Amino acid sequence: MDIIVVEGGQRLSGTVAISGAKNAALPILASALLTGGECTYTNVPDLQDIRSILLLLESLGATTSADGNTVTIDAANLAASEAPYDLVRKMRASILVLCPLVARLGYARVSLPGGCAIGARPINLHLKGLERLGASIEIRHGYVEARASRLKGADIYFDTVTVTGTENIMMAAALAEGTTVLRNAAREPEVVALADVLVQMGADIQGAGTSVVTIQGVSQLKPTRAEIIPDRIEAGTFMAAAALTGGDVTLTNCRPDHLSAVCDKLQQAGINLDPKGTTLRVTADRPIESVDVRTQTYPGFPTDMQAQFMVLMSCAQGQSIIKETIFENRFIHVSELRRLGADITVSGDTAVVRGVKALWGAPVMASDLRASASLVLAGLVAEGVTQINRVYHIDRGYERIEEKLRQIGASIRREKA
Ligand code: EPZ
């Protein structure tokens, strides 16, 4: 297993290109199941999770190819409708094939994804939505079996805002008979990106990006070509890196308009931001101020930036309160940050972070994707060397993170453990 070794103290400066968004690419690649014929996607990030979903699509009978950041998928001849446990356990977003398979084939058998480090992460809302569209659902031996001769439009209310739940049901409704209305739908840019691709394929979708989405089902969808939107969480991670090191970094190929809440909090912390179209310059030339944060669904402060922001607050002047409202166990990074000298106390869904003069380097253990990124960030400013183990967590969601950080001045390398 690889490890990442960071020597703290380097000020980051220069330009870094942001990759395509993992959380937009995963549902969009799954949407290729809704049609036969070659779909081409560009600006796809080269990540483990992308390789995982391509393996899954191939196991269903699709043909796929990946050339750098361009992916093609042809699901004309599906030969299976089962997503096996050994693929789903590696990447829970595999659940995104459930609804396209039922819409296209009338049947799907998908392993329950199970929980993960940050929470139980049930899929009850995915299943409730699919049932409302007329599917019969059975759960047996750890698998979901869904059947529907023809899905019929329905009025569906999500008790909790769910990103992949909204995406899954949107894909099913696109081929259902009649009108579907999704209420309390997720408003994330990744949901809008999927809706845009479905509309390019011939779907009739209104209201994506708001909490009420209306879908008029159509009889079939056609293949398309689409570019994946930039990854707002990778962008936010690099913004935090620039802020932490008192740096001057320009992000390119990013969407500042997808980062309003993160930009607002960084500006409150004293960071200078200069957005211009698809570039965003981040400069930090004064001590970091403590700022309170509460994670929320979009357009609120994203839960996927909570760990990264906690590192910034650990190096700020004063005390900040960080409240995690989306996942029940998303403070795993706290114990590792404490080993690096951070002063953080957790009570339930709230962390109190007191800024310290310095963090110190130490060996730490990655646990989930964003917690791992926060450990890399801490290593950038810790005194001495920080060694991050189990970096496969990072590779799931960040394309060549150590190369990109080295390009802007970090002393960081990847080693074989
Ligand atoms: C998506 O996960 C993202 N993943 C996550 O990013 C992100 O943290 C999350 O949305 C929240 O923004 C992808 O898009 C692939 P949810 P998702 O359904 O869809 C509860 C990363 O680091 N819930 O919006 O699985 C759930 O337990 C990953 O890139 C139910 O109760 O998240 C959670 O508390 C981590 N029942 C809340 O809703 C359901 O059926 C939000 O979860 C579904 C969800």
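None of these values were measured; they are calculated from a predicted model. First listed ligand is number 1; within each ligand, the first listed atom is number 1. In what follows, residues are counted from 1 in the order of the sequence shown. Atoms considered below: every heavy atom in the structure, side chains included; atoms not considered: hydrogens, waters and symmetry mates.
With sequence neighbours left out, the salt bridge (Lys or Arg N to Asp or Glu O under 4.0 Å) criterion links Lys323 to Asp349.
Using a 4.0 Å cut-off between a side-chain N of Lys or Arg and a carboxylate O of Asp or Glu, Asp2 and Lys416 qualify as a salt bridge.
The contact shell of ligand 1, taken as protein residues with any non-hydrogen atom closer than 4.0 angstrom, comprises Lys22, Asn23, Ala93, Arg121, Pro122, Ile123, Asn124, Leu125, His126, Thr160, Val161, Thr162, Val163, Thr164, Thr303, Asp304, Ile326, Phe327, Arg330, Leu369, Arg370.
Here OG1 of Thr237 is found 4.0 Å from CD of Gln308. Values are rounded to the nearest 0.5 Å.
Within the structure, ring-ring contact (aromatic ring centres under 6.0 Å, His included) pairs that include any residue of residues 141-172 do not occur (at least two apart or interchain). Applying the salt bridge (charged side-chain N to carboxylate O under 4.0 Å, His left out) test to pairs two or more places apart or on separate chains, those with a residue in residues 124-139 are Lys128-Asp159, Glu138-Arg140, Glu138-Arg147.
At most 12 heavy atoms of other shown residues, nucleotides or ligands fall within 6.0 angstrom of atom CZ in Arg281.
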